[in-house]
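Whatever order the structure lists them in is the order used to number ligands and atoms, beginning at 1.
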Amino acid sequence: MLPFIDLAAQQARLRDRIDAAIGEVLDGGAYILGPAVGRFEDELSAFCGARHSISCANGTDALLLALMALEVTAGDAVFVPSFTFAATAEIVPCLGAVPYFVDIDPQTYNMDPESLKRCIEKAARDGMPLKAVIPVDLFGLPADIDAIEPIARESGMAIVCDTAQGFGGKYKGRVAGAMGDLATTSFFPAKPLGCYGDGGAITTNDEKLADSLRSLRNHGAGADKYDNIHIGMNSRLDSIQAAILSVKLSIFEEEITMRQDVAARYVERLADVVAVPTVPEGLTSTWAQYTVRLPVGADRSAVQAKLRDAGVPTAIYYPIPLHRQTAYRHWPHDPSGMVATDEAAESVLALPMHPYLEAGDQDRIAEALKGALAA
Ligand SMILES: *Cc1c(COP(=O)(O)O)cnc(C)c1O
(Lines give C-alpha, C1' and ligand atoms only; values in the text may rest on other atoms or scores of the structure.)
Protein backbone atom coordinates (compact mmCIF):
# COMPACT_ATOMS: atom_id res chain seq x y z
CA MET A 1 0.00 0.00 0.00
CA LEU A 2 1.34 3.46 -0.89
CA PRO A 3 1.41 5.87 2.05
CA PHE A 4 -1.40 8.45 2.01
CA ILE A 5 0.97 10.98 3.56
CA ASP A 6 4.61 9.88 3.67
CA LEU A 7 6.09 11.37 6.83
CA ALA A 8 8.97 8.87 6.74
CA ALA A 9 10.53 10.39 3.60
CA GLN A 10 10.78 13.79 5.23
CA GLN A 11 12.06 12.30 8.48
CA ALA A 12 14.83 10.41 6.68
CA ARG A 13 15.93 13.70 5.15
CA LEU A 14 15.89 15.64 8.46
CA ARG A 15 16.56 12.96 11.07
CA ASP A 16 20.09 14.03 12.02
CA ARG A 17 19.11 17.67 12.43
CA ILE A 18 15.97 16.76 14.41
CA ASP A 19 17.93 14.46 16.72
CA ALA A 20 20.39 17.29 17.33
CA ALA A 21 17.58 19.79 17.98
CA ILE A 22 15.89 17.45 20.49
CA GLY A 23 19.27 16.80 22.12
CA GLU A 24 19.77 20.53 22.57
CA VAL A 25 16.48 20.86 24.43
CA LEU A 26 17.36 17.88 26.64
CA ASP A 27 20.76 19.43 27.40
CA GLY A 28 19.18 22.81 28.16
CA GLY A 29 16.45 21.42 30.42
CA ALA A 30 13.82 24.12 29.65
CA TYR A 31 10.96 21.89 28.53
CA ILE A 32 8.12 24.40 28.91
CA LEU A 33 8.35 27.81 27.20
CA GLY A 34 12.11 27.42 26.87
CA PRO A 35 14.27 29.30 24.35
CA ALA A 36 13.37 26.86 21.56
CA VAL A 37 9.74 28.10 21.76
CA GLY A 38 10.59 31.79 21.42
CA ARG A 39 13.02 31.03 18.60
CA PHE A 40 10.43 29.06 16.68
CA GLU A 41 7.79 31.76 17.18
CA ASP A 42 10.15 34.37 15.71
CA GLU A 43 10.86 32.11 12.73
CA LEU A 44 7.16 31.48 12.20
CA SER A 45 6.43 35.25 12.21
CA ALA A 46 9.22 35.86 9.72
CA PHE A 47 7.96 33.05 7.49
CA CYS A 48 4.45 34.40 7.03
CA GLY A 49 5.12 38.10 7.59
CA ALA A 50 2.91 38.49 10.69
CA ARG A 51 4.33 40.62 13.51
CA HIS A 52 3.55 38.17 16.33
CA SER A 53 3.35 34.39 16.71
CA ILE A 54 1.98 32.75 19.83
CA SER A 55 2.43 29.00 19.89
CA CYS A 56 0.03 26.75 21.80
CA ALA A 57 -0.87 23.12 22.39
CA ASN A 58 -2.83 22.36 19.19
CA GLY A 59 -4.83 23.92 16.37
CA THR A 60 -8.13 23.59 18.21
CA ASP A 61 -6.79 25.52 21.19
CA ALA A 62 -5.40 28.11 18.75
CA LEU A 63 -8.97 28.74 17.55
CA LEU A 64 -10.37 28.75 21.09
CA LEU A 65 -7.65 31.15 22.31
CA ALA A 66 -8.29 33.42 19.30
CA LEU A 67 -11.99 33.69 20.19
CA MET A 68 -11.12 34.21 23.87
CA ALA A 69 -8.73 37.04 22.93
CA LEU A 70 -11.55 38.60 20.87
CA GLU A 71 -13.79 38.29 23.95
CA VAL A 72 -16.40 36.15 22.22
CA THR A 73 -18.97 35.25 24.87
CA ALA A 74 -22.28 33.48 25.37
CA GLY A 75 -24.92 34.37 22.79
CA ASP A 76 -22.53 35.83 20.17
CA ALA A 77 -22.83 34.77 16.53
CA VAL A 78 -19.71 33.31 14.86
CA PHE A 79 -19.76 32.37 11.18
CA VAL A 80 -18.02 29.16 10.11
CA PRO A 81 -18.13 26.84 7.11
CA SER A 82 -19.90 23.51 7.49
CA PHE A 83 -17.51 21.76 5.13
CA THR A 84 -14.50 21.60 7.46
CA PHE A 85 -12.98 19.65 10.32
CA ALA A 86 -15.09 19.82 13.50
CA ALA A 87 -12.48 21.88 15.36
CA THR A 88 -13.37 25.01 13.36
CA ALA A 89 -16.87 25.01 14.83
CA GLU A 90 -16.59 23.18 18.15
CA ILE A 91 -14.82 26.02 19.93
CA VAL A 92 -17.80 28.32 19.29
CA PRO A 93 -20.39 26.53 21.49
CA CYS A 94 -17.54 25.81 23.94
CA LEU A 95 -17.71 29.54 24.70
CA GLY A 96 -21.51 29.53 24.71
CA ALA A 97 -21.57 31.33 21.35
CA VAL A 98 -23.64 30.25 18.34
CA PRO A 99 -22.07 28.87 15.15
CA TYR A 100 -23.81 29.89 11.90
CA PHE A 101 -22.94 27.44 9.16
CA VAL A 102 -22.01 29.06 5.86
CA ASP A 103 -22.12 27.27 2.49
CA ILE A 104 -19.04 26.88 0.27
CA ASP A 105 -18.07 27.86 -3.24
CA PRO A 106 -18.36 24.59 -5.20
CA GLN A 107 -15.15 25.29 -7.14
CA THR A 108 -12.77 26.14 -4.27
CA TYR A 109 -14.61 24.41 -1.36
CA ASN A 110 -13.99 27.58 0.66
CA MET A 111 -16.52 29.89 2.34
CA ASP A 112 -18.95 31.41 -0.16
CA PRO A 113 -19.11 35.19 0.45
CA GLU A 114 -22.74 35.36 -0.79
CA SER A 115 -23.76 32.64 1.66
CA LEU A 116 -21.91 34.52 4.41
CA LYS A 117 -24.05 37.58 3.65
CA ARG A 118 -27.26 35.53 3.91
CA CYS A 119 -26.12 34.02 7.23
CA ILE A 120 -25.26 37.45 8.63
CA GLU A 121 -28.71 38.77 7.63
CA LYS A 122 -30.30 35.80 9.36
CA ALA A 123 -28.26 36.30 12.53
CA ALA A 124 -29.14 40.00 12.52
CA ARG A 125 -32.84 39.09 12.20
CA ASP A 126 -32.33 36.63 15.07
CA GLY A 127 -31.07 39.59 17.13
CA MET A 128 -27.63 38.06 17.65
CA PRO A 129 -24.51 40.13 18.38
CA LEU A 130 -22.30 39.60 15.28
CA LYS A 131 -18.82 38.77 16.53
CA ALA A 132 -16.46 36.91 14.19
CA VAL A 133 -16.03 35.10 10.89
CA ILE A 134 -13.75 32.05 10.64
CA PRO A 135 -12.81 31.35 7.01
CA VAL A 136 -10.94 28.07 6.51
CA ASP A 137 -8.17 27.44 3.95
CA LEU A 138 -9.67 24.10 3.02
CA PHE A 139 -7.29 21.49 1.60
CA GLY A 140 -4.58 24.18 1.67
CA LEU A 141 -6.18 26.80 -0.60
CA PRO A 142 -6.38 30.25 1.03
CA ALA A 143 -9.94 31.46 1.59
CA ASP A 144 -11.16 34.43 -0.47
CA ILE A 145 -10.19 37.09 2.08
CA ASP A 146 -10.67 40.04 -0.34
CA ALA A 147 -14.35 39.11 -0.66
CA ILE A 148 -14.89 38.11 2.98
CA GLU A 149 -13.09 41.01 4.67
CA PRO A 150 -15.41 43.86 3.55
CA ILE A 151 -18.49 41.78 4.46
CA ALA A 152 -17.14 41.09 7.95
CA ARG A 153 -16.04 44.69 8.47
CA GLU A 154 -19.38 46.08 7.40
CA SER A 155 -20.93 44.17 10.32
CA GLY A 156 -18.10 45.17 12.68
CA MET A 157 -16.81 41.62 12.94
CA ALA A 158 -13.32 40.25 13.48
CA ILE A 159 -11.79 37.67 11.13
CA VAL A 160 -9.99 34.58 12.39
CA CYS A 161 -8.38 32.67 9.50
CA ASP A 162 -8.23 28.95 10.23
CA THR A 163 -5.02 28.08 8.32
CA ALA A 164 -4.56 24.63 9.88
CA GLN A 165 -4.43 23.25 6.35
CA GLY A 166 -3.28 26.31 4.42
CA PHE A 167 -0.61 28.02 6.54
CA GLY A 168 2.07 29.31 4.14
CA GLY A 169 -0.26 29.34 1.13
CA LYS A 170 -0.22 32.47 -1.05
CA TYR A 171 -3.06 34.88 -1.74
CA LYS A 172 -2.33 37.65 -4.27
CA GLY A 173 1.07 38.41 -2.77
CA ARG A 174 0.03 37.79 0.83
CA VAL A 175 0.81 34.70 2.89
CA ALA A 176 -1.74 32.63 4.82
CA GLY A 177 -0.91 33.29 8.46
CA ALA A 178 -0.69 37.05 7.90
CA MET A 179 -4.31 37.69 6.93
CA GLY A 180 -7.35 38.48 9.03
CA ASP A 181 -7.12 39.90 12.56
CA LEU A 182 -5.77 36.58 13.76
CA ALA A 183 -4.76 33.40 11.97
CA THR A 184 -4.57 30.02 13.62
CA THR A 185 -2.72 26.91 12.56
CA SER A 186 -2.12 23.33 13.63
CA PHE A 187 1.10 21.35 13.77
CA PHE A 188 -0.68 17.97 13.93
CA PRO A 189 1.79 15.54 12.29
CA ALA A 190 -0.17 15.15 9.03
CA LYS A 191 -0.61 18.90 8.39
CA PRO A 192 1.69 20.47 5.79
CA LEU A 193 3.80 21.90 8.65
CA GLY A 194 3.55 19.25 11.34
CA CYS A 195 5.52 18.27 14.43
CA TYR A 196 5.78 14.88 16.18
CA GLY A 197 2.85 15.34 18.50
CA ASP A 198 0.26 18.06 18.99
CA GLY A 199 1.01 21.71 18.44
CA GLY A 200 -0.54 24.92 17.18
CA ALA A 201 -0.05 28.66 16.84
CA ILE A 202 -1.84 31.96 16.40
CA THR A 203 -0.30 34.69 14.25
CA THR A 204 -1.33 38.36 14.26
CA ASN A 205 -0.18 41.90 13.58
CA ASP A 206 -2.15 43.21 16.56
CA GLU A 207 0.04 43.76 19.59
CA LYS A 208 -2.82 43.93 22.09
CA LEU A 209 -4.27 40.63 20.90
CA ALA A 210 -0.78 39.09 20.95
CA ASP A 211 -0.29 40.17 24.57
CA SER A 212 -3.67 38.72 25.55
CA LEU A 213 -2.87 35.44 23.80
CA ARG A 214 0.49 35.05 25.54
CA SER A 215 -1.31 35.43 28.84
CA LEU A 216 -4.35 33.29 27.95
CA ARG A 217 -2.29 30.28 26.83
CA ASN A 218 -0.50 30.32 30.20
CA HIS A 219 -3.36 30.44 32.75
CA GLY A 220 -3.96 34.15 32.20
CA ALA A 221 -0.57 35.06 33.71
CA GLY A 222 0.30 38.72 34.20
CA ALA A 223 3.68 40.29 34.96
CA ASP A 224 3.51 38.65 38.39
CA LYS A 225 3.21 34.92 37.80
CA TYR A 226 0.86 34.50 40.79
CA ASP A 227 -1.39 37.45 39.95
CA ASN A 228 -3.29 36.14 36.93
CA ILE A 229 -4.97 38.87 34.90
CA HIS A 230 -7.25 36.71 32.71
CA ILE A 231 -9.16 33.46 32.99
CA GLY A 232 -6.86 31.46 30.78
CA MET A 233 -5.88 27.88 30.17
CA ASN A 234 -2.84 25.64 29.92
CA SER A 235 -2.08 25.51 26.22
CA ARG A 236 1.64 25.71 25.53
CA LEU A 237 3.77 24.23 22.76
CA ASP A 238 6.41 21.87 24.20
CA SER A 239 10.01 23.03 23.75
CA ILE A 240 10.84 19.71 22.08
CA GLN A 241 8.09 20.20 19.49
CA ALA A 242 9.22 23.79 18.88
CA ALA A 243 12.77 22.58 18.25
CA ILE A 244 11.48 19.96 15.79
CA LEU A 245 9.33 22.58 14.06
CA SER A 246 12.29 24.93 13.59
CA VAL A 247 14.04 22.22 11.59
CA LYS A 248 10.92 21.44 9.56
CA LEU A 249 10.15 25.12 8.92
CA SER A 250 13.62 25.53 7.38
CA ILE A 251 12.57 23.36 4.42
CA PHE A 252 8.86 24.22 4.41
CA GLU A 253 8.97 26.72 1.52
CA GLU A 254 10.86 24.17 -0.57
CA GLU A 255 8.28 21.53 0.34
CA ILE A 256 5.43 23.84 -0.69
CA THR A 257 7.15 24.15 -4.09
CA MET A 258 7.53 20.37 -4.29
CA ARG A 259 3.81 20.04 -3.56
CA GLN A 260 3.07 22.27 -6.60
CA ASP A 261 4.98 19.82 -8.80
CA VAL A 262 3.02 16.88 -7.40
CA ALA A 263 -0.27 18.73 -7.96
CA ALA A 264 0.71 19.66 -11.53
CA ARG A 265 1.49 16.01 -12.31
CA TYR A 266 -1.94 15.00 -10.99
CA VAL A 267 -3.56 17.53 -13.35
CA GLU A 268 -1.67 16.02 -16.33
CA ARG A 269 -2.79 12.53 -15.41
CA LEU A 270 -6.32 13.09 -14.16
CA ALA A 271 -7.86 16.22 -15.67
CA ASP A 272 -9.81 14.23 -18.27
CA VAL A 273 -11.09 11.63 -15.77
CA VAL A 274 -12.24 13.53 -12.68
CA ALA A 275 -12.75 17.17 -11.65
CA VAL A 276 -9.29 18.23 -10.43
CA PRO A 277 -9.00 21.07 -7.87
CA THR A 278 -9.40 24.68 -9.01
CA VAL A 279 -6.76 27.20 -7.93
CA PRO A 280 -7.87 30.78 -8.67
CA GLU A 281 -5.41 33.18 -10.35
CA GLY A 282 -2.86 34.61 -7.91
CA LEU A 283 -3.31 31.88 -5.27
CA THR A 284 -1.03 29.02 -4.23
CA SER A 285 -2.32 26.05 -2.26
CA THR A 286 -0.19 24.16 0.24
CA TRP A 287 -2.06 21.00 -0.85
CA ALA A 288 -2.81 19.66 2.59
CA GLN A 289 -5.10 17.34 0.63
CA TYR A 290 -5.42 16.62 -3.07
CA THR A 291 -9.18 16.35 -3.43
CA VAL A 292 -10.81 15.37 -6.71
CA ARG A 293 -14.48 15.11 -7.49
CA LEU A 294 -15.87 11.94 -9.01
CA PRO A 295 -18.23 12.12 -12.00
CA VAL A 296 -21.96 12.19 -11.25
CA GLY A 297 -23.25 8.66 -10.73
CA ALA A 298 -19.88 7.14 -9.77
CA ASP A 299 -20.08 4.74 -6.81
CA ARG A 300 -17.54 6.29 -4.47
CA SER A 301 -17.31 3.34 -2.06
CA ALA A 302 -16.71 0.95 -4.96
CA VAL A 303 -14.04 3.27 -6.41
CA GLN A 304 -12.34 3.44 -3.01
CA ALA A 305 -12.44 -0.35 -2.66
CA LYS A 306 -10.91 -0.88 -6.11
CA LEU A 307 -8.17 1.64 -5.37
CA ARG A 308 -7.46 -0.09 -2.06
CA ASP A 309 -7.12 -3.40 -3.91
CA ALA A 310 -4.60 -1.70 -6.21
CA GLY A 311 -2.60 -0.53 -3.17
CA VAL A 312 -3.80 3.08 -3.33
CA PRO A 313 -5.21 4.57 -0.10
CA THR A 314 -7.84 7.32 -0.31
CA ALA A 315 -9.82 9.36 2.19
CA ILE A 316 -12.99 11.43 2.28
CA TYR A 317 -12.77 14.92 3.71
CA TYR A 318 -15.54 15.34 4.77
CA PRO A 319 -18.25 12.70 4.42
CA ILE A 320 -20.75 14.41 6.76
CA PRO A 321 -20.80 18.21 6.80
CA LEU A 322 -21.00 19.73 10.26
CA HIS A 323 -24.53 21.08 9.83
CA ARG A 324 -25.69 17.42 9.50
CA GLN A 325 -23.69 16.00 12.41
CA THR A 326 -25.45 14.98 15.62
CA ALA A 327 -23.78 17.54 17.85
CA TYR A 328 -24.21 20.42 15.40
CA ARG A 329 -27.40 19.99 13.38
CA HIS A 330 -29.55 22.13 15.66
CA TRP A 331 -27.38 25.20 14.99
CA PRO A 332 -28.43 27.63 12.23
CA HIS A 333 -27.16 27.52 8.64
CA ASP A 334 -27.61 29.46 5.40
CA PRO A 335 -31.38 30.03 5.07
CA SER A 336 -31.11 29.30 1.32
CA GLY A 337 -29.74 25.83 2.03
CA MET A 338 -26.32 24.19 1.96
CA VAL A 339 -26.40 22.82 -1.59
CA ALA A 340 -22.71 23.16 -2.48
CA THR A 341 -21.64 21.69 0.87
CA ASP A 342 -23.97 18.69 0.55
CA GLU A 343 -22.91 18.01 -3.04
CA ALA A 344 -19.21 18.20 -2.18
CA ALA A 345 -19.61 15.83 0.76
CA GLU A 346 -21.13 13.24 -1.57
CA SER A 347 -18.59 13.38 -4.39
CA VAL A 348 -15.12 14.31 -3.09
CA LEU A 349 -12.23 11.88 -2.85
CA ALA A 350 -8.76 12.70 -1.52
CA LEU A 351 -5.74 11.01 -3.12
CA PRO A 352 -2.28 10.46 -1.63
CA MET A 353 -0.48 13.80 -1.32
CA HIS A 354 2.89 14.80 0.14
CA PRO A 355 5.98 16.61 -1.15
CA TYR A 356 7.91 13.38 -1.73
CA LEU A 357 5.31 11.67 -3.93
CA GLU A 358 7.07 10.48 -7.09
CA ALA A 359 5.86 10.59 -10.69
CA GLY A 360 5.92 6.80 -10.99
CA ASP A 361 3.63 6.40 -8.00
CA GLN A 362 1.30 9.04 -9.43
CA ASP A 363 1.17 7.05 -12.68
CA ARG A 364 0.06 4.06 -10.63
CA ILE A 365 -2.54 6.09 -8.71
CA ALA A 366 -3.93 7.56 -11.96
CA GLU A 367 -4.13 4.16 -13.68
CA ALA A 368 -5.88 2.66 -10.67
CA LEU A 369 -8.40 5.52 -10.55
CA LYS A 370 -9.10 5.26 -14.28
CA GLY A 371 -9.57 1.51 -13.95
CA ALA A 372 -11.89 1.91 -10.97
CA LEU A 373 -14.05 4.47 -12.78
CA ALA A 374 -14.21 2.42 -15.98
CA ALA A 375 -15.34 -0.71 -14.12
C1 LIG B 1 -6.55 19.95 11.88
C2 LIG B 1 -7.48 21.09 11.85
C3 LIG B 1 -7.79 21.82 13.02
C4 LIG B 1 -7.39 21.39 14.42
O5 LIG B 1 -6.06 21.17 14.64
P6 LIG B 1 -5.59 20.21 15.85
O7 LIG B 1 -4.14 20.57 15.98
O8 LIG B 1 -5.81 18.82 15.42
O9 LIG B 1 -6.36 20.59 17.05
C10 LIG B 1 -8.58 22.93 12.90
N11 LIG B 1 -9.09 23.31 11.72
C12 LIG B 1 -8.83 22.63 10.58
C13 LIG B 1 -9.42 23.12 9.30
C14 LIG B 1 -8.03 21.49 10.61
O15 LIG B 1 -7.80 20.81 9.48
So how far is it from D144 CG to K172 NZ, rounded to the nearest 0.5 Å?
5.5 Å
Under 3.5 Å, is there a donor-acceptor pair linking the side chains of S215 and H230?
yes
May I ask you to decide whether R293 forms a salt bridge with E346, counting only side-chain N to carboxylate O separations under 4.0 Å?
no
Spacing of CD belonging to E43 relative to OG belonging to S53, to within rounding of 0.5 Å
10.0 Å
Less than 3.5 Å apart, any donor N or O on the side chain of R259 or Y290 sitting next to an acceptor on the other?
no
Give every pair made of an N or O atom of ligand 1 and a protein N or O atom lying under 3.5 Å apart, one pair per line with both atom names and the distance to 0.1 Å, or write 'none'.
| from | atom 1 | to | atom 2 | distance (Å) |
| --- | --- | --- | --- | --- |
| ligand 1 | 5 (O) | S186 | OG | 3.3 |
| ligand 1 | 7 (O) | G59 | N | 2.7 |
| ligand 1 | 7 (O) | S186 | OG | 2.6 |
| ligand 1 | 9 (O) | G59 | N | 3.3 |
| ligand 1 | 9 (O) | T60 | N | 2.8 |
| ligand 1 | 9 (O) | T60 | OG1 | 2.5 |
| ligand 1 | 11 (N) | D162 | OD1 | 3.3 |
| ligand 1 | 11 (N) | D162 | OD2 | 2.7 |
| ligand 1 | 15 (O) | Q165 | NE2 | 2.8 |
| ligand 1 | 15 (O) | K191 | NZ | 2.6 |

Is there a ring-ring contact (aromatic ring centres under 6.0 Å, His included) between F252 and F47? Walk through the geometry before answering.
CA-CA 9 Å; F252 187 46; F47 184 90; 5.5 Å; yes
